[in-house]
Amino acid sequence: MLRTSMVIIFAFFGYQKWFDYEAQILIPYISNGPLIAWMYPVFGIRGASTFLGVTEWTIGLLLLAGFWHRTLGAVGALGSIATFVGTVTIIPFMPHGWAESAGGFPAMVGNVPFLMKDVVLLAVSVHLFRQDLAARHQLEPDDATQDQRDTK
């Protein structure tokens, strides 16, 4: 269920990136993201959104392929981890993200509550990566078993 959920999330979020309304919504996120702010000087506003859309669909397809091919799933999970590290690191840099009237942190306001879900999605991504690695190693014969087969 976790893998399927992540595939759906990447499909839907990737789809949004193809439209101008989403490119405009992303401005405060990308502009304040220490790991992703480079995208505007390189691609521009619409180009950054398109780049993210292509990336999200690629990650979603790799995660989907992970049902049948664990190595591809692991690559997709690594992409997913990178995605959510990129978005989670925006949280401390988001202007006006903590309600001063409530004493600031941890009283979230504005764009920060939307980003907080990415903490869970990051954890799911790590879980899928570990799951794919473990399954991949179970499918491969260990070296001792292979050596025994080679000598027979």
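Computation of the quantities below employed the complete heavy-atom set of this structure, encompassing side-chain atoms and omitting hydrogens, waters and symmetry-equivalent molecules.
Considering only heavy atoms from C-beta on, W98 comes within 4.5 Å of V112 through its side chain. With a 4.5 Å cut-off on side-chain heavy atoms, L128 and S80 do not count as touching. You'll find the side chain of Q16 reaches within 4.5 Å of the side chain of Y21, heavy atoms only. Counting heavy atoms from C-beta outward, V88 and L115 have side chains that stay 4.5 Å or more apart.
Between A23 and Y40, the shortest heavy-atom contact is O-OH, 4.1 Å. Across all non-hydrogen atoms, the minimal contact from D132 to G66 is OD1-O, 4.4 Å. When all heavy atoms of A99 and V109 are compared, the pair lying nearest together is CB-CG1, 3.4 Å.
With T55 contributing its side chain and F51 its backbone, the two residues share a donor-acceptor pair below 3.5 Å. No donor-acceptor distance shorter than 3.5 angstrom exists from the side chain of S31 to the backbone of P28, with no hydrogens or angles considered. No donor-acceptor pair under 3.5 Å is formed between the side chain of T87 and the backbone N or O of D118. In terms of modelled atom types and a separation under 3.5 Å, the side chain of E22 and the main chain of K17 share no donor-acceptor contact. With hydrogens and angles disregarded, a donor-acceptor distance shorter than 3.5 Å links the side chain of R46 to the backbone of W18. Side-chain atoms of K117 never come within 3.5 Å of backbone atoms of P113 as a donor-acceptor pair (strictly under, hydrogens ignored). A donor-acceptor pair is defined here as one N or O able to donate and one able to accept, closer than 3.5 Å; such a pair exists between the side chain of R3 and the backbone of L63. The closest donor-acceptor contact from the side chain of W57 to the backbone of A11 lies under 3.5 Å.
Under a hydrophobic clustering in which Ile, Leu, Val, Met, Phe, Trp and Tyr are joined whenever their side-chain heavy atoms come within less than 4.5 Å, directly or via other members, F114 and M116 fall into the same cluster. By the rule that hydrophobic residues join a cluster once side-chain heavy atoms approach within less than 4.5 Å of another member, V75 and V85 end up as members of separate clusters. Residues I8 and L62 fall into different hydrophobic clusters, defined by Ile, Leu, Val, Met, Phe, Trp and Tyr side chains chained together at heavy-atom separations under 4.5 Å.
Summarising the local packing, CZ of F19 is surrounded by more than 12 heavy atoms from other residues, nucleotides or ligands at distances under 6.0 Å. Within 6.0 Å of atom CZ in F12, 12 or fewer heavy atoms from other residues, nucleotides or ligands are found, so the atom counts as exposed in its surroundings.
The distance from the CE atom of M94 to the OG1 atom of T89 is 10.5 Å, given to the nearest 0.5 Å. Rounding to the nearest 0.5 Å places CZ of F13 at 13.5 Å from CD1 of I59. Separating the CD1 atom in I9 from the CE atom in M6 is a distance of 5.5 Å, to the nearest 0.5 Å. M39 contributes atom CE, which lies 12.0 Å from atom CD1 of I45 (distance to the nearest 0.5 angstrom). Between the CG atom in L72 and the CZ atom in F67 there is a gap of 13.5 Å [rounded to 0.5 Å].
Close placement of the F84 and F10 rings is indicated, their centers lying within 6.0 Å of each other.
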Worksheet item: Are F129 and L78 close enough, and set up right, to give a side-chain contact (heavy atoms from CB on, under 4.5 Å), and what steps lead you there?
Response: CA-CA 7 Å; F129 180 67; L78 277 176; 3.4 Å; yes

Discussion item. Evaluate I81 against V126 for side-chain contact (heavy atoms from CB on, under 4.5 Å), listing each step before the verdict.
Written reply: CA-CA 6 Å; I81 289 168; V126 170; 4.0 Å; yes

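A side-chain contact (heavy atoms from CB on, under 4.5 Å) with I36 is found for one member of L26, L52, I90 and no other, namely I90.
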